[in-house]
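Here is the structure we will look at.
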Amino acid sequence: MIEQDLPGQYIDDIEDLISPDDIKPRERYENKKNVTVRAKKQKQRSQIKIKPDEEVDDAKTLRAPIHESVIPGTQKVYIKTWGCAHNNSDSEYMAGQLASYGYQLCSGKDEADLWLLNSCTVKNPSEDTFRNEIESGMQNGKHVVVAGCVPQGGPKSEYLRGLSVIGVQQIDRVVEVVEETLKGHSVRLLQNKKVNGRRVAGASLALPKVRKNPLVEIISINTGCLNQCTYCKTKHARGDLASYPPEEIVERARQSFAEGCCEIWLTSEDTGAYGRDIGSSLPELLWQLVEVIPEHCMLRVGMTNPPYILEHLEEVAKVLQHPRVYSFLHVPVQSGSDSVLGEMKREYCRKDFEHVVDFLRARVPGLTIATDIICGFPTETEADFEETMTLCEKYRFPSLFINQFFPRPGTPAAKMERIPANLVKKRTKRLTDLFYTYEPYAGRVGEVYAVLVTEISHDKLHYVGHNKSYEQILLPMRKNLLGTRVHVRITSVSKFSMMGDILDDESEWRRCDRKQEDKQQKQQITENLKESRWQKLHHPYLGIALVIGTLAYIIHLLMRVIFSSTLLNE
């Protein structure tokens, strides 16, 4: 897979930030003591500037209706998400809470009363699209609520003035924000969550969800990271590392399988750093999760930066070999040059990254390594870029995410002198051309794989499944195929996927039926209870019988002795 710099595109490599604003007591509602949000009457739409250099045309701007009383179920909410798996999980949680409260979720913008826009701050194009979407909502008379890393990282941005904001750690309060926004109030929740004075990872993982894919559960195992990359804006939004307790993550996994999921994705800004703040580690968590994964279900480990996975390589290799864990790992390198990595403050060198790849490839059969490259970092010379080219030529990564450098406001790299844009594009094209020179799936025709089918292809013409190496295999759209594990034979290959024919009859398709497992467990529990009750009921009588039997035996022996003595005397 390859990724170019297109607005709104899915981004796997993520980093994060903190909230600068705390709500003061005097800013809270005076007439609603149980509502702890800062609210003020929304500004007139004509007073809000969406773009610094562009005024909103009042003639084209419709006013959003103000609801004095909001009855759940009478308003429709449209949700749009940019960015990483973590953002998608946050949106699913917010959708779940809104739906459980009674709001109607809709896929059409026009029919919605309110737009909830969850943003990504990794790239300029994503933020530009986000900003334009805000403008579109306002011009069409929609209430707008913004969430995600952009408002968390830059809450004072001009185009966010007057808008309601949900911080990355406040997604559990989405219902009250939506309710107040529909009444015409502007609510901003940007605080960090703390328990006993200590910052925690975020909202509870046990919140209700509406999943984009009902078969796939995305679990955020931690938020923030330990790095200080000079190009990264996400750190400003999600801050330092904060991990969820292992037991909470494991319970979320149990719940997801019970609800019908057959695949789990672990996500965070850096999964390799998991647990360092709470005395745990990624391998410890993975081994606990493996124990609760039902047969025919799979676990995918999320992105990890090289520094924090180095000390866990042996255990991670063992986990990736497990039959219910995909042999797949996303390890972003960003550059093949030690000089550039130093300027980026990535905290590792090229040899460290190569050690990670070589070690895991040697121990995990069929391992797929995905990585990221940033082309055109300000200090990157031609010699530096050549080192990146040789690295990619050496490993021929089947999944390569190629990104042009974007100066994100407030980051150290944004102050550096930029490389000419035409040179950046030239380097990007050279790396892209290299990527297209090799075929990851060449020679696979005729191979047979066990595949878990979980998705529908973008063209809506095929189902999508993944083998143990998390390689994409396209299959015919047969009834009841989604959510099953089947054996397929590869019939053709392309640069990004393989095509396959299903070898099994439908009766042989294996489904992760957690409900059936639960039924069997309940039956076993019932049998155990019956056995236990029988034992409790009969245990006293068995004891009495043993005592009586023993006494009878002793009496019998005494009688024989007495009888024998009598005969001898006679």
Side-chain angles (χ1 to χ4, degrees), residues 3 8-19 79-97 116-123 126-127 130 146-153 166-172 174 190 192-193 199-207 209-213 216-227 229 232-244 248-249 252-253 256 261 263-275 277 282 285 299-305 308 329-332 370 372 401 408:
E3 178 177 276
Q9 198 168 16
Y10 186 92
I11 300 169
D12 266 333
D13 185 11
I14 51 175
E15 297 111 315
D16 280 331
L17 186 145
I18 51 179
S19 145
I79 302 177
K80 183 167 183 177
T81 309
W82 290 264
C84 62
H86 198 160
N87 262 22
N88 279 274
S89 179
D90 286 350
S91 289
E92 291 176 353
Y93 274 125
M94 289 190 284
Q97 292 170 86
L116 173 55
L117 308 177
N118 193 3
S119 62
C120 171
T121 192
V122 172
K123 298 180 183 178
S126 296
E127 183 170 349
F130 169 66
V146 295
C149 294
V150 171
Q152 183 77 65
I166 301 174
V168 294
Q169 289 201 317
Q170 299 292 333
I171 60 172
D172 54 340
V174 62
L190 292 162
N192 286 318
K193 284 191 177 296
R199 180 172 174 264
V200 296
S204 169
L205 295 180
L207 293 170
K209 254 193 178 188
V210 173
R211 299 180 182 90
K212 185 178 180 181
N213 184 340
V216 178
E217 166 70 6
I218 305 172
I219 303 179
S220 303
I221 62 175
N222 56 267
T223 189
C225 66
L226 295 174
N227 287 7
C229 300
C232 176
K233 181 75 172 178
T234 315
K235 177 75 172 185
H236 298 175
R238 296 194 184 267
D240 291 327
L241 178 69
S243 303
Y244 283 99
E248 189 173 346
I249 298 169
R252 182 69 205 186
S256 302
C261 291
E263 188 170 289
I264 282 183
W265 298 358
L266 301 185
T267 185
S268 76
E269 286 64 59
D270 189 348
T271 59
Y274 171 80
D277 57 319
L282 179 63
L285 172 65
L299 170 70
R300 192 187 85 172
V301 182
M303 187 273 288
T304 174
N305 286 309
Y308 306 109
L329 200 61
H330 180 195
V331 188
D372 300 4
F401 299 86
R408 303 300 291 127

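These figures come from a predicted structure and were not determined experimentally. Side-chain atoms are counted along with the backbone in the values below, which use heavy atoms only and exclude waters and symmetry mates.
Applying the side chain to side chain donor-acceptor pair (under 3.5 Å) test to Q169 and every residue at least two apart in sequence or in another chain returns nothing. Listed by chain and residue number, E217 satisfy the salt bridge (Lys or Arg N to Asp or Glu O under 4.0 Å) test with R252 (two or more places apart in sequence, or in another chain). Among residues two or more places apart in sequence or in another chain, the salt bridge (Lys or Arg N to Asp or Glu O under 4.0 Å) test is passed with K80 by E133. Every residue two or more places apart in sequence or in another chain was checked for a side chain to side chain donor-acceptor pair (under 3.5 Å) with Y244, and none qualifies. By the side-chain contact (heavy atoms from CB on, under 4.5 Å) test, S220 pairs with H86, S89, T267, sequence neighbours left out. Residues passing the side chain to side chain donor-acceptor pair (under 3.5 Å) test with Q170: none are found, sequence neighbours excluded. Here D172 pairs with K193 under the salt bridge (Lys or Arg N to Asp or Glu O under 4.0 Å) rule; sequence neighbours left out. For S119, the side-chain contact (heavy atoms from CB on, under 4.5 Å) partners at least two apart in sequence or on another chain are F130, V150, P151.
Residues V301 and L329 are in side-chain contact: their nearest non-hydrogen atoms beyond the backbone lie under 4.5 Å apart. The shortest distance between side-chain heavy atoms of I264 and I219 falls below 4.5 Å. For the pair M303/T271, no side-chain contact is recorded, criterion being any heavy-atom separation below 4.5 Å from C-beta on. Looking at V174 and Y93, their side chains never come closer than 4.5 Å, going by heavy atoms from C-beta outward. Counting only heavy atoms from C-beta outward, the side chains of Y274 and T304 never approach each other to under 4.5 Å.
D372 places no side-chain N or O within donor-acceptor distance of the main-chain N or O of F401, the cut-off being under 3.5 Å.
Residues M94 and I166 come closest through the heavy atom pair SD-CD1, 4.2 Å. Pairing each heavy atom of D277 with each of A242, the nearest pair is OD2-CA, 3.2 Å. Contact between E248 and L205 at its shortest, heavy atoms only, is OE2-N, 3.0 Å. Nearest heavy-atom pair across C120 and G83 is CB-CA, 3.6 Å. Of all the heavy atoms in V122 and R408, the pair that sits closest is O-CD, 3.5 Å. A pairwise comparison of heavy atoms in T121 and C149 identifies CG2-CB, 3.5 Å as the closest pair.
In this structure, the separation between CD1 on I221 and CG on L282 is 5.5 Å, given to the nearest 0.5 Å. Separation of atoms CG (N305) and SG (C225) is listed at 7.5 Å; rounding is to 0.5 Å. Atoms NZ and CG, on K209 and D90 in that order, are 8.5 Å from each other to the nearest 0.5 Å. Atom CH2 of W265 and atom CG of N88 lie 8.0 Å apart (nearest 0.5 Å). The NZ atom of K212 sits 9.5 Å away from atom OG of S91, with the distance rounded to the nearest 0.5 Å. The OG1 atom of T81 sits 9.0 Å away from the CG atom of L117 when rounded to the nearest 0.5 Å.
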- [ ] Start with the C-alpha distance between I79 and N118, add both sets of side-chain angles, then the distance that settles side-chain contact (heavy atoms from CB on, under 4.5 Å), and finish with yes or no.
- [x] CA-CA 8 Å; I79 302 177; N118 193 3; 5.6 Å; no

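Ionic pairing of R211 and E92 is not present here: no N-O contact between side-chain nitrogen and carboxylate oxygen is shorter than 4.0 angstrom.
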